[in-house]
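Before any comments, here is the structure.
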2 protein chains.
Amino acid sequence: MGTQPGRSVTSKVLALLDAFSPATPALTLSELARRAELPLPTAHRRVAELVAWGALERGDDGRYRIGLRLWEVGSLAPRGLGLRELALPIMEDLYEVTHENVQLAVRQDLELVFIERIAGRRAVPVLTRVGGRFALHATGVGLVLLAYAPTEVQERVLAAPLERYTELTVTDPVRLRRRLAEVRRVGYAMSDRQVTMDALSIAAPIRAPEGVVAAISLVVAHDRADPVALAPLVQAAGRVLSRALGTYRQPTGRVPLRSRHERQ
Amino acid sequence: MGTQPGRSVTSKVLALLDAFSPATPALTLSELARRAELPLPTAHRRVAELVAWGALERGDDGRYRIGLRLWEVGSLAPRGLGLRELALPIMEDLYEVTHENVQLAVRQDLELVFIERIAGRRAVPVLTRVGGRFALHATGVGLVLLAYAPTEVQERVLAAPLERYTELTVTDPVRLRRRLAEVRRVGYAMSDRQVTMDALSIAAPIRAPEGVVAAISLVVAHDRADPVALAPLVQAAGRVLSRALGTYRQPTGRVPLRSRHERQ
DNA sequence: GACCGGCTTTCATCCAATGAAAACAGGCCT
DNA sequence: AGGCCTGTTTTCATTGGATGAAAGCCGGTC
């Protein structure tokens with residue numbers, strides 16, 4: 001046959017889902033086939049099945065998009081909506097007190113994923129998107145998640161080139177390592193103009209019995225008078241959430257902690 | 001072979017995802033196999049691939065749960081997070097003004113799916129869950145979505161037995177049909193104690209160029225003084241959102257409106 | 001009216017998927 | 001310790017679902 005035999009059908013289906021991204025939420029069949037590296041007829045067949053089930057939807061423009069059914073199933077992810085449900089009230093409290101941006105993120109492999117965000121209208125604009133990914137080495141939540149990640153994860157992040165976002169972004173592995181130690185020591189992270197030159201964020205860990213599973217942060221204007229004064233606030237929120245996680249039980253068991261695998 | 005030949009691999013993979021529900025967010029391999037009606041070894045293999053990709057995660061208790069990667073992909077659904085992003089500011093406005101529960105829902109086949117909810121702490125408790133489903137014939141959002149659904153959908157709902165939730169729930173197809181006509185005439189729906197005896201909801205349609213794609217509602221205490229006075233408020237929110245939808249364009253095209261298919 | 005890009009269907013071939021069976025791993029009761 | 005569960009993982013011979021080249025189809029465009 002033509003393209004590499006040895007690919008499972010499942011992997012092809014997943015490759016089709018992988019083709020979608022925040023930048024490309026709508027794709028034609030040809031684009032899908034190209035991105036998933038599948039022959040057109042194959043893509044056609046698999047996509048038809050996905051549409052029939054509701055994993056994909058076909059718009060009136062002929063393009064395919066992620067379907068509501070997949071969103072429904074995805075909403076069952078304990079580290080997604082589950083965590084969000086738990087955290088939202090505390091995030092709202094934090095917003096009420098500060099009227100600044102509040103963010104919640106978890107680590108997935110070597111990046112972070114934003115689970116929820118409360119964007120204050122009067123606050124600094126932030127460019128994050130719920131469901132979006134970002135590097136671990138720059139943001140407040142990223143530094144927290146990295147600081148408490150398994151050594152192996154830290155080493156892999158430190159080994160790779162660290163992207164620079166502003167002139168202040170720490171891209172030196174040695175300096176970053178020192179910052180991570182500092183984060184562990186004080187129990188919170190401050191990221192000053194590491195991503196944009198107008199913002200600064202303060203983040204704290206959220207712990208479950210097995211370790212740090214998420215991070216919460218405030219994003220404020222970089223020239224705010226007393227950023228450090230916010231740290232206890234964010235830390236308190238983190239501790240409340242940690243307690244909630246510790247006692248939280250699903251009907252059929254606890255929120256999972258870290259997946260046993262690392263992608264790729 | 002053993003179990004019915006004629007099932008595609010893809011359908012088996014999707015059946016595994018289908019096994020998860022709000023009531024069963026964590027399953028053992030055996031439970032998964034049972035629910036998906038697959039032999040254990042088959043389930044074992046497919047599940048392993050899903051875990052490797054991140055669609056499922058295996059907790060320290062050995063149970064499988066929906067993985068963050070699937071949540072990420074699901075968050076790309078235009079009718080899910082896409083709609084939510086657009087609607088949230090208006091929903092927050094509605095909350096600020098009323099301090100009552102605000103709900104956003106879309107129709108999926110013969111049911112509705114809640115996309116977002118703002119639950120006022122001081123408001124009537126509502127039992128809905130983001131990502132959860134509910135029947136169309138009782139709630140405010142449901143009545144709106146049903147009233148503006150294709151005739152074929154209405155007929156199918158009216159033909160099936162209508163579940164009763166309270167002594168006031170309208171379960172007579174003839175009366176329901178009259179109510180739907182009324183909703184279309186006045187442009188909003190009021191559901192008084194149809195789901196619980198303490199709540200009442202007022203809902204309005206959200207229109208895209210192709211028709212009604214979602215509904216927004218307020219849920220208040222049933223004995224509130226002036227429920228009808230809320231209607232213009234909800235309708236205004238609906239109209240603002242309709243306008244936003246009309247002009248909203250994704251990088252690669254418009255939000256899809258209704259999928260071309262009906263499930264099952 | 002011929003061309004072109006994208007989509008859909010056909011059909012003979014074959015390898016990934018399959019499931020019965022058996023091995024394996026704990027937990028629990030005796 | 002031994003036996004007996006329940007649940008998970010591996011093996012291996014067999015086969016049917018998946019495959020992709022090729023051809024047909026559709027709608028727009030030069």
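As the structure is a prediction and not an experimental result, all values here were calculated from the model. Sequence lines set the chain letters: A, B, ... in the order given, protein chains first and strands last, and positions in each chain run from 1.
- The aromatic rings of His137(B) and Tyr165(B) lie parallel to each other, with less than 30° between the two planes, well short of the 60° mark.
- In this structure, Arg46(B) places its CZ atom 14 Å from P of dT10(D), rounding to the nearest Å.
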Give every pair of a protein N or O atom and an N or O atom of nucleotides 23-30 of chain D that lie under 3.5 Å apart, one pair per line with the distance.
none

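- Glu155(A) and Arg177(A) are joined by a salt bridge, as a carboxylate oxygen and a charged side-chain nitrogen come within less than 4.0 angstrom of each other.
- Atom CG of Leu16(B) and atom C1' of dT18(C) are 14 Å apart (whole Å).
- Contact annotation: Lys12(A) side-chain N/O to dA18(D) OP1/OP2 distance is not under 4.0 Å.
- Considering Arg58(B), Glu57(B), Glu31(B) as possible partners of Tyr64(B), the one that fulfils the side chain to side chain donor-acceptor pair (under 3.5 Å) test is Arg58(B).
- Checked for salt-bridge contact, Glu116(A) and Arg84(B) meet the test: a charged N lies under 4.0 Å from a carboxylate O.
- Because its NZ or CZ atom is not both nearer than 6.0 Å to the ring centre of Phe134(B) and within 45° of the ring axis, Arg129(B) does not count as a cation-pi partner of that residue.
- Salt bridge present: Arg133(A) and Glu72(B) bring a charged side-chain N and a carboxylate O closer than 4.0 Å.
- For Glu49(B) and Ser11(A), the side-chain atoms include no donor-acceptor pair closer than 3.5 Å.
- Residues Arg69(B) and Asp18(A) are paired through a salt bridge, judged by an N-O separation under 4.0 Å between the basic side chain and the carboxylate.
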With the criterion being N/O to N/O and under 3.5 Å, what pairs connect the protein with nucleotides 4-10 of chain C, and how long is each?
from	atom 1	to	atom 2	distance (Å)
dC7(C)	OP1	Leu29(A)	N	3.4
dC7(C)	OP2	Ser30(A)	N	2.8
dC7(C)	OP2	Ser30(A)	OG	2.1
dT8(C)	OP1	Arg58(A)	NH1	3.1
dT8(C)	OP2	His44(A)	NE2	3.1
dT8(C)	O5'	His44(A)	NE2	3.2

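- Atom C1' of nucleotide dT6(D) and atom CG of Asp61(B) are separated by 16 Å, given to the nearest angstrom.
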